[in-house]
Amino acid sequence: MKKILLVLGHPNTNSLNRDLLESYYQSALKRGHEVRKIFLGEINFNLNLKEGYNEVQELEPDLKKAQEDILWADHLVFVFPIWWYNLPAVFKGFIDRVFLPGFAFKFENNSSIPDKLLTGKTADIICTSGAPKIYYFIKGGNSGAKILKNTLNFCGIKVRRKILLGSISGELKAEKLDKYHNIIQKMVIK
């Protein structure tokens, strides 16, 4: 049994992304895992890391809880849409404010190589896009997932899988939605 943290990176908690996250959640529970969820559209925090790392910015209670949940988890799952080839602003702000020096990484003795403080954890990345998958193949890949993977690796989190579910704009036909649910359910860590 694993401890899994699901993070919804879409600001709208009534989105397709939420539906996909809930599909993962139900499958994980059926397999006996402990699961917690964070919906970034429902927590309260300032997205802006105003002073960068030059000054400590007090964490809001929701971000302190998020850090506790990250430390608790063995496996993290991030579900978010690709907007302008990147993460939604609320998700980027969450990463900036939560994955801080001293929590996610640190540099010792003026070393240029970080100590990865979240080593031992794994993650899955699930992205959605209105554009078809072939578009990202032509453009050189899913830059949003690459950015997140690099950030997680910097902190010691090993990304197991990253998937892109494309052509999701408008109403999805039932068979396509079922296909996406099956993909998500098969991703659940054993």
Side-chain angles (χ1 to χ4, degrees), residues 1-44 47 62 66 69-70 72-95 98 121-152 157-190:
M1 181 173 78
K2 295 276 187 186
K3 294 181 284 187
I4 301 172
L5 177 63
L6 303 174
V7 178
L8 178 62
H10 196 301
N12 181 348
T13 57
N14 293 317
S15 64
L16 171 66
N17 286 249
R18 165 81 180 263
D19 182 62
L20 297 172
L21 181 139
E22 294 295 344
S23 184
Y24 193 107
Y25 175 76
Q26 292 302 322
S27 285
L29 289 179
K30 285 179 187 171
R31 291 188 180 175
H33 299 298
E34 270 185 83
V35 187
R36 295 182 184 175
K37 300 184 263 189
I38 299 174
F39 300 146
L40 299 186
E42 293 180 355
I43 66 173
N44 294 311
L47 302 176
D62 286 342
D69 288 345
I70 290 166
W72 166 86
D74 303 310
H75 184 69
L76 300 100
V77 179
F78 299 94
V79 182
F80 61 96
I82 299 298
W83 288 351
W84 291 110
Y85 304 95
N86 211 327
L87 314 171
V90 69
F91 192 17
K92 176 64 168 79
F94 177 80
I95 297 292
V98 169
K121 298 181 182 303
T122 58
D124 286 330
I125 299 172
I126 301 168
C127 304
T128 61
S129 174
K133 280 178 75 167
I134 189 73
Y135 179 80
Y136 291 94
F137 178 76
I138 293 166
K139 288 293 191 181
N142 178 347
S143 55
K146 284 180 185 178
I147 289 167
L148 181 57
K149 181 180 178 184
N150 289 339
T151 301
L152 296 173
I157 299 171
K158 183 177 185 212
V159 174
R160 286 182 341 124
R161 272 184 282 188
K162 53 185 177 117
I163 64 164
L164 173 68
L165 304 173
S167 302
I168 57 118
S169 58
E171 282 291 316
L172 287 182
K173 292 182 179 169
E175 58 270 8
K176 189 171 200 175
L177 189 56
D178 287 345
K179 176 184 171 189
Y180 285 171
H181 281 277
N182 287 333
I183 291 168
I184 297 299
Q185 291 163 6
K186 288 177 184 170
M187 284 184 75
V188 175
I189 197 163
K190 301 212 188 280

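Residues take their numbers from the sequence shown, with the count starting at 1.
- Proximity of a side-chain donor or acceptor of S15 to a complementary backbone N or O of N12 within less than 3.5 Å is detected.
- Put simply, CG on L21 and CG on L6 are 4.5 Å apart, with the number rounded to the nearest 0.5 Å.
- For K121, the NZ atom counts as densely surrounded, since its 6.0 Å shell holds more than 12 non-hydrogen atoms of other residues, nucleotides or ligands.
- Under the 3.5 Å distance criterion, the side-chain polar atoms of R31 are matched with a main-chain donor or acceptor of V188.
- Taking a cutoff of 4.0 Å between a charged side-chain nitrogen and a carboxylate oxygen, K2 and D74 do not qualify as a salt bridge.
- The side-chain contact (heavy atoms from CB on, under 4.5 Å) test with F78 singles out one residue from V159, I126, D124, L152, and that residue is L152.
- In this structure, K179 does not pair ionically with E175, as no charged nitrogen and carboxylate oxygen lie closer than 4.0 Å.
- Between the side chain of R160 and the main chain of M187, a donor-acceptor pair closer than 3.5 Å is present.
- Counting only heavy atoms from C-beta outward, the side chains of I70 and V98 approach each other to under 4.5 Å.
- No side-chain donor-acceptor contact under 3.5 Å links R18 to the backbone of L8.
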> Can you check side chain to side chain contact (heavy atoms under 4.5 Å, CB included) on I184 and I163, steps first, answer last?
Replying inline: CA-CA 9 Å; I184 297 299; I163 64 164; 4.0 Å; yes
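- The shortest side-chain heavy-atom distance between N86 and K92 does not fall under the 4.5 Å cut-off.
- Side chain of K3 to main chain of R36: no donor-acceptor pair is present (N/O by atom type, distance under 3.5 Å, no hydrogens or angles).
- Going from atom OG of S27 over to atom NZ of K186 covers 11.0 Å, rounded to the nearest 0.5 Å.
- Ring geometry, W83 versus H10: the interplanar angle exceeds 60°, so the pair is classed perpendicular (tilted spans 30 to 60°).
- Within the model, atoms CG of D19 and OH of Y25 stand 15.0 Å from one another, a figure rounded to the nearest 0.5 Å.
- The NZ atom of K149 sits 12.0 Å away from atom OG1 of T151, with the distance rounded to the nearest 0.5 Å.
- Put simply, NZ on K162 and SG on C127 are 8.5 Å apart, with the number rounded to the nearest 0.5 Å.
- From D62, atom CG reaches atom CG of D69 across 10.5 Å, with rounding to the nearest 0.5 Å.
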